Structure formats: C-alpha cells, structure tokens
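Since we're looking at a predicted model, the values are computed, not measured.
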Amino acid sequence: MDPGGAPMCADKAAMEWAEAWQSKGPAPQKLGFIYMLNGDNGASNTDPYATKETPDNNWVKTGPHVMIVGSEAKAMMQSYPRDAKADPKKPYVMWPGTPYEHLMLPTK
C-alpha cells in the first residue's frame with residue numbers, strides 16, 4: 001500500500017494493529033511487521049495522531065526501516081531507546097508510553 005507517498009507492506013497482524021491505532025482501539029496482542037523500505041515522510045515520535053510537525057511534537061523522519069508492532073513486542077522494546085527525540089539512524093521505540101508504541105529498526 002502507499003498511504004501519502006510512503007509505500008509499505010504489512011502482515012495481517014500489523015494491519016490489525018494499524019486499524020486499532022487509526023480507530024483509537026486497544027492495541028492487538030499479536031506480533032506484526034511493517035516494512036517501509038523507502039522510508040517515511042516523517043511523524044511525531046510522541047503523538048500518534050499528529051498530522052504535521054510542531055515545535056513540541058518531536059517530529060522524526062526515518063529512512064528505510066522495519067517496524068515491529070503489537071503488544072507482544074513490548075518486552076523486546078525495553079532494550080531500545082525510548083527518548084522522545086529519537087535518532088532515526090539507530091533503532092528506537094516510536095510513540096513510547098502509548099498503547100501503540102512500536103520498535104523502529106532502520107535498515108541502513
């Protein structure tokens with residue numbers, strides 16, 4: 001799929017996670033994978049619903065990456081940085097402390 005010029009592939013569990021995020025529902029327990037091998041257009045690292053960069057929403061643009069999503073992934077996320085001001089060239093947790101936190105793994 002190509003939402004907003006940022007093509008991605010997602011497995012079934014990741015699609016369930018994305019649907020829960022978009023509808024503000026509970027995050028699924030299943031482990032899911034999303035691949036964004038062309039990178040993204042940027043997103044807030046603290047507000048899952050931000051649509052544009054503001055001075056306080058910690059906007060981050062990540063190059064090619066894989067995302068590991070779902071509540072089942074929370075245990076593995078504990079070893080990665082959870083800072084609002086993430087370094088998108090290194091693995092980090094996006095949206096830390098929210099039900100939709102997930103692991104971002106740059107591929108380059």
Task: Heavy-atom closest contact (K74 atom, T98 atom, distance) - done: NZ-O, 3.6 Å
- [ ] Consider only side-chain heavy atoms of I, L, V, M, F, W and Y, link residues closer than 4.5 Å, and tell whether Y100 and I34 are in one cluster.
- [x] yes
Open item on the list: I need the minimum non-hydrogen distance between P99 and A27, along with the two atoms involved.
Closed with: O-CB, 3.2 Å
Task: Full working for side-chain contact (heavy atoms from CB on, under 4.5 Å) between M94 and V60 - done: CA-CA 9 Å; M94 183 169 227; V60 62; 3.9 Å; yes
Open item on the list: Grouping I, L, V, M, F, W and Y whenever their side-chain heavy atoms are under 4.5 Å apart, do V69 and W21 come out in a common cluster?
Closed with: yes
- [ ] Check for a donor-acceptor pair, side chain of N57 on one end and backbone N or O of T51 on the other, with a separation under 3.5 Å.
- [x] no
Open item on the list: Given 3.5 Å as the limit, does a donor-acceptor pair link the side chain of N45 with the main chain of A84, or not?
Closed with: yes
Open item on the list: I'd like to know if E72 and K30 make a salt bridge, using a cut-off of under 4.0 Å between side-chain N and carboxylate O.
Closed with: no
Open item on the list: Let's go through S44 and Y49 carefully: what are the C-alpha distance in whole Å and the side-chain angles of both, what is the deciding distance for side chain to side chain donor-acceptor pair (under 3.5 Å) to 0.1 Å, and is it a yes or a no?
Closed with: CA-CA 8 Å; S44 168; Y49 301 103; over 6 Å; no
Open item on the list: Rounded at 0.5 Å granularity, tell me how far CZ in R82 sits from CG in L103.
Closed with: 10.0 Å
TODO: Measure across K85 and N58 and return the closest heavy-atom pair with its distance rounded to 0.1 Å.
DONE: CG-OD1, 3.4 Å
Open item on the list: What's the separation between atom CD in Q22 and atom CD in E19, rounded to the nearest 0.5 Å?
Closed with: 9.5 Å
TODO: Return the minimal non-hydrogen interatomic distance between A6 and N41, and the atom names on each side.
DONE: CB-ND2, 3.7 Å
Task: In one Ile/Leu/Val/Met/Phe/Trp/Tyr side-chain cluster, 4.5 Å: L31, V93 - done: yes
- [ ] Keeping the roles fixed (side chain from D11, backbone from F33), state whether a donor-acceptor pair exists under 3.5 Å.
- [x] yes
- [ ] Return yes if some donor-acceptor pair links the side-chain N/O of D83 with the main-chain N/O of A86 below 3.5 Å, else return no.
- [x] no
Task: Heavy-atom donor-acceptor pair, D40 side chain to T62 backbone, under 3.5 Å - done: yes
TODO: Could you label the plane-to-plane angle of the W95 and W17 rings as parallel, tilted or perpendicular, counting under 30° as parallel and over 60° as perpendicular?
DONE: parallel
Open item on the list: Would a single hydrophobic cluster contain both M76 and V66, if residues Ile, Leu, Val, Met, Phe, Trp and Tyr are joined by side-chain heavy-atom contacts under 4.5 Å?
Closed with: yes
- [ ] State whether a side-chain donor-acceptor pair under 3.5 Å links T107 with Y35.
- [x] no
Open item on the list: Hydrophobic clusters here meaning ILVMFWY residues chained together by side-chain heavy-atom distances under 4.5 Å, can you tell me if M77 and M104 are in one?
Closed with: no
- [ ] Starting from the C-alpha separation in whole Å, work towards a yes-or-no answer on side-chain contact (heavy atoms from CB on, under 4.5 Å) for D87 and Y92.
- [x] CA-CA 7 Å; D87 178 351; Y92 67 96; over 6 Å; no
Task: Heavy-atom pair with the smallest gap, counting every atom of P28 and A20 - done: CD-CB, 3.8 Å
